[in-house]
Amino acid sequence: PILKITLENLEPETVRMTSITQIPAFIYAVSGRKTQLLLSDNLDCSLKGQIDEKRKVINLKIDATQPITVIVYTPFKGRPNVESVEKGQLNYSMETISGIEFIKFDIEKGNWNVKIIY
């Protein structure tokens, strides 16, 4: 399983939230400030997208009203090519959160089409 939560390991009197979505990407930071929640819609910015498992491609449509940092879940192994239709090759890093590896990259303000290819 990708997500496993063991309830007996949760601290008492601590609020926990889980968001279940079909979109494989989250807004990690807005204008350099980390967001409190990992969501695909946050602070007037939004992400849409899907994974094409047969072609090993992740397509994202990004509407950023300000500069954002995006993290993307990937079921594929290896180092991908991350590019935008508008700007070409994007620099990225890998970020591990709760034992799951994500692709992490910055996007300037604007509308973007990003393709992650394995």
Side-chain angles (χ1 to χ4, degrees):
I2 295 171
L3 176 65
K4 180 180 177 183
I5 298 174
T6 307
L7 295 178
E8 67 263 14
N9 293 336
L10 295 178
E11 297 175 26
E13 300 181 24
T14 301
V15 176
R16 305 280 185 193
M17 295 179 71
T18 300
S19 173
I20 299 174
T21 179
Q22 298 268 338
I23 300 168
F26 307 96
I27 298 170
Y28 185 80
V30 178
S31 292
R33 296 183 65 181
K34 190 174 172 189
T35 59
Q36 292 181 337
L37 301 172
L38 295 175
L39 301 169
S40 55
D41 291 289
N42 208 335
L43 296 172
D44 212 23
C45 298
S46 65
L47 308 172
K48 302 214 180 315
Q50 71 273 340
I51 299 173
D52 182 337
E53 290 194 46
K54 287 183 182 178
R55 294 177 53 218
K56 292 189 173 185
V57 173
I58 301 169
N59 292 299
L60 299 173
K61 290 184 185 246
I62 302 171
D63 179 15
T65 59
Q66 47 197 317
I68 61 174
T69 301
V70 175
I71 60 169
V72 183
Y73 167 75
T74 177
F76 311 118
K77 302 293 181 212
R79 299 286 296 175
N81 183 36
V82 180
E83 59 188 43
S84 75
V85 173
E86 299 79 11
K87 204 167 190 170
Q89 187 78 26
L90 296 175
N91 292 324
Y92 71 92
S93 62
M94 301 305 286
E95 176 91 12
T96 302
I97 301 171
S98 298
I100 299 172
E101 199 165 54
F102 292 86
I103 298 163
K104 180 178 169 184
F105 58 89
D106 296 319
I107 286 287
E108 298 169 9
K109 178 180 175 178
N111 294 308
W112 303 90
N113 293 290
V114 173
K115 187 175 282 198
I116 300 168
I117 305 164
Y118 282 84

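Side chains included, hydrogens not; waters and symmetry mates left out as well; all remaining heavy atoms used.
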Those residues at least two apart in sequence (or on a different chain) that pass side-chain hydrogen bond (donor to acceptor under 3.5 Å, both in side chains) with Gln89 are Asn81

Do the side chains of Ile117 and Tyr73 join up, straight or via other hydrophobic residues, at under 4.5 Å, putting them in one cluster?
no

For the residue pair Tyr92 and Pro80, what are the closest heavy atoms and their distance?
OH-O, 2.8 Å

Pairs under 3.5 angstrom only: tabulate donor-acceptor contacts from the side chains of residues 33-45 to other protein residues two or more places apart or in another chain.
| from | atom 1 | to | atom 2 | distance (Å) |
| --- | --- | --- | --- | --- |
| Thr35 | OG1 | Ile27 | O | 3.1 |
| Thr35 | OG1 | Tyr28 | O | 3.3 |
| Thr35 | OG1 | Leu37 | O | 3.0 |
| Asn42 | ND2 | Leu37 | O | 3.2 |

Could you go step by step and tell me if Tyr118 and Thr74 meet the side-chain contact (heavy atoms from CB on, under 4.5 Å) rule?
CA-CA 10 Å; Tyr118 282 84; Thr74 177; 3.1 Å; yes

Anything under 3.5 Å between a donor and an acceptor, one on a side chain of residues 97-110, the other on a protein residue two or more places apart or in another chain? List them.
| from | atom 1 | to | atom 2 | distance (Å) |
| --- | --- | --- | --- | --- |
| Lys104 | NZ | Glu95 | OE1 | 3.4 |
| Asp106 | OD1 | Thr69 | OG1 | 2.5 |
| Glu108 | OE1 | Lys87 | NZ | 3.4 |
| Glu108 | OE2 | Lys87 | NZ | 2.6 |

Could you go through residues 46-64 and list every donor-acceptor pair under 3.5 Å that involves a side-chain atom there, pairing it with any protein atom two or more places apart or in another chain?
| from | atom 1 | to | atom 2 | distance (Å) |
| --- | --- | --- | --- | --- |
| Asp52 | OD1 | Lys54 | N | 3.2 |
| Asp52 | OD1 | Arg55 | N | 3.1 |

